[in-house]
Amino acid sequence: MSTENEGTAAPTPPAAPSVPPAPAASTPDLTKAPAAPAAAPADQGYAPAEPGAPAAPAQAPAPAQGAEQTQQLPPAPAAPPAAAPAYGYDQTQAHAQGPAQPPAPAAHTAYGAEAWPPPPPAVPAYGGQGGHGGGAWGAPLTTDGTPPPKPKGKGGMVAAVLVAALLAGGVGGGVGYWAAERNSGGGFGSTTITAGNTPKDLKRDAGSVAGLAANALPSVVTIEASAGDGEGGTGTGFVYDQEGHILTNNHVVASAANGGKLSATFSDGKKYEAEVMGRAQGYDVAVIKLKNPPAGLKPLPLGDSDKVAVGDPTIAIGAPFGLSNTVTTGIVSAKNRPVASGDGSGGKNSYMSALQTDASINPGNSGGPLIDGRGAVIGINSAIQSAGGGGGFGGGGQAGSIGLGFAIPINQAKNVAESLIKTGKPVYPVISVSVDLQAKADGAKISEQGAPANELVDPNGPAGKAGLKPGDIITEFGGKQVDSGPTLISLIWTYKPGDTVKLTYLRGGKPTTVDITLGSRVGDK
């Protein structure tokens, strides 16, 4: 903002006029620059007089530009009454409306209306620039009797801001001192306002997300796995017992299973070498063990995934894209969601009847705990659905979360972990049939070709003993609907060998329900 447009400067008055100047015959020529520099902004020079100072005479004009307080000059001859001085019109309005308009002709006679020069006001202006376009109060005159020129450019604006700041500081200091004086004199209460109920230390409830995360994080590790050729990745795991066993996904540690390197880093930054104890590719579950586990390991409590309800709160902890100790929240979006996921290596798929959550899960969250509102683990974060249609954390590149994450139910993962710790091998429940994973049917169709009939349905296996044959379509298992081959596998693997389950199948469009006692298979094929 240019200061040239903030007010019209008044012409420099003569040193000592002997007679009042004659009224101007016409308005000034505004195309010519005034003799004196532009006036300071009207809102940058005024200031209140000090308390207790006598008021200036009602009709006394403002001080002449550059006039010193001690200067005495003979009074000018009396002049007829005239309008207010031209340089005394309301500059505040001029500032708000743009360039100042020229004053009325009668205003030019105002220079001789009072004694010349007019007496100074009783109290000088605080700002040092008057409000009338003159120089600072008490500024010396030049040799020709005119005030020194004011600096051009933005210096005036900066100075005005400084003056305003000093005035504000002075007012604030004065108010503070006045309040202190009133308080010390008695009879007035303290003006200080305090928040008496503010706690000294901010404590978060143990059941809050922050409280649950703080309790769980020391038991969560970031896993780094690498093969002999240097390939590998980052995942997550959590403390399973005090002996140093860590529960995670198979696809997190698969690259280090055969002579690779494996390490686990805790939230405090301490890193430990580890080794694979056992892994189940079909379940996508693995157990690793710290080679030199520290004392005082705190296993995470395990919940009951069968009792989880849709809408329950969830907290996912992991290292998405390598960002360790990341905490995200959501809810259980669905239960018993059949999911087949791959690790991107071209190997066989893993199957799970998953817990679905909208907690943000990304590559690197794999193997981390999904905990409930009590802080208990209800699942192992394992897969996501990407916007491109590819499931899992492999196959389609580094997909990101779109709010469709899947976790292996902890009840299933616990059974697998116990087997891996005891024997190093997984045990799978089976019905001993070959399922056509590509069939377009409203259920899981038993394969009819590709192998001899006794291989498609083992006559001595659970399904063969219950009377099932190639071509039958299984529509229910354990009271849950079956809509595809992967769904059937996912449901079977939620049970343990030896469990008896009701199975419904269609043959020629006719439904039949039978009881099947599950068999077992040791190891991955």
Side-chain angles (χ1 to χ4, degrees), residues 213 216-217 220-227 229-238 246-257 260-267 271 274 276 279-288 314-330 333 337 339-352 354-371 377-410 413:
L217 277 168
V220 179
V221 298
T222 299
I223 297 174
E224 294 181 14
S226 63
D229 58 3
E231 289 190 12
T234 300
T236 308
F238 59 93
I246 305 294
L247 198 55
T248 185
N249 281 143
N250 170 67
H251 73 263
V252 170
V253 301
S255 61
K261 294 182 178 180
L262 195 64
S263 66
T265 304
F266 284 81
S267 60
K271 188 174 184 178
V276 176
R279 58 195 187 97
Q281 184 272 330
Y283 290 119
D284 197 17
V285 173
V287 175
I288 66 174
T314 59
I315 300 174
I317 304 177
F321 297 101
L323 300 174
S324 302
N325 310 316
T326 295
V327 176
T328 57
T329 64
S333 304
R337 187 73 77 189
V339 173
S341 63
D343 62 3
S345 63
K348 297 180 179 179
N349 284 338
S350 299
Y351 299 93
M352 69 185 92
L355 295 175
Q356 180 181 324
T357 181
D358 65 346
S360 182
I361 297 175
N362 289 285
N365 275 107
S366 292
L370 183 70
I371 65 177
V377 180
I378 56 174
I380 300 177
N381 300 318
S382 182
I384 61 173
Q385 178 69 39
S386 68
F393 287 127
Q398 293 287 290
S401 174
I402 59 172
L404 294 174
F406 304 97
I408 303 167
I410 195 59

### Task
Please determine which of Asn325, Leu217, Asn381 meets the side-chain contact (heavy atoms from CB on, under 4.5 Å) test together with Ile317.
Leu217

Is there a donor-acceptor pair closer than 3.5 Å between any side-chain N or O of [X] and the backbone N or O of [Y]?
{"X": "Asn249", "Y": "Gly367", "value": "yes"}
{"X": "Thr314", "Y": "Gly330", "value": "yes"}
{"X": "Thr248", "Y": "Thr236", "value": "yes"}
{"X": "Asn250", "Y": "Gly282", "value": "no"}
{"X": "Gln356", "Y": "Ala407", "value": "no"}
{"X": "Asn362", "Y": "Ser401", "value": "yes"}

### Task
Show your working on side chain to side chain contact (heavy atoms under 4.5 Å, CB included) between Ile361 and Phe406 and close with a plain yes or no.
CA-CA 9 Å; Ile361 297 175; Phe406 304 97; over 6 Å; no

### Gap between atom CD1 of Ile384 and atom OG1 of Thr357 - 0.5 Å precision
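Between atom OG1 of Thr357 and atom CD1 of Ile384 there are 12.5 Å.
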
### Task
With rounding to the nearest 0.5 Å, note down the distance linking CD1 in Ile408 to CD1 in Ile380.
5.0 Å

How far apart are the closest heavy atoms of [X] and [Y], and which atoms are they?
{"X": "Ser341", "Y": "Ala383", "value": "CB-CB, 4.1 Å"}
{"X": "Val339", "Y": "Ala354", "value": "CG2-CB, 4.1 Å"}
{"X": "Val276", "Y": "Ala257", "value": "CG2-CA, 4.2 Å"}
{"X": "Asn349", "Y": "Ala340", "value": "ND2-CB, 4.3 Å"}
{"X": "Ser382", "Y": "His251", "value": "O-CE1, 3.5 Å"}
{"X": "Ala274", "Y": "Ile288", "value": "CB-CD1, 4.1 Å"}

### Task
May I ask you to check whether Ser324 and Thr222 show a side-chain donor-acceptor distance below 3.5 Å?
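A pair is found: one side chain offers a donor N or O, the other an acceptor, under 3.5 Å apart.
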
### Query
Is there a side-chain contact between Leu247 and Val287, using heavy atoms and a 4.5 Å cut-off?
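In short, these two side chains touch, coming nearer than 4.5 Å.
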
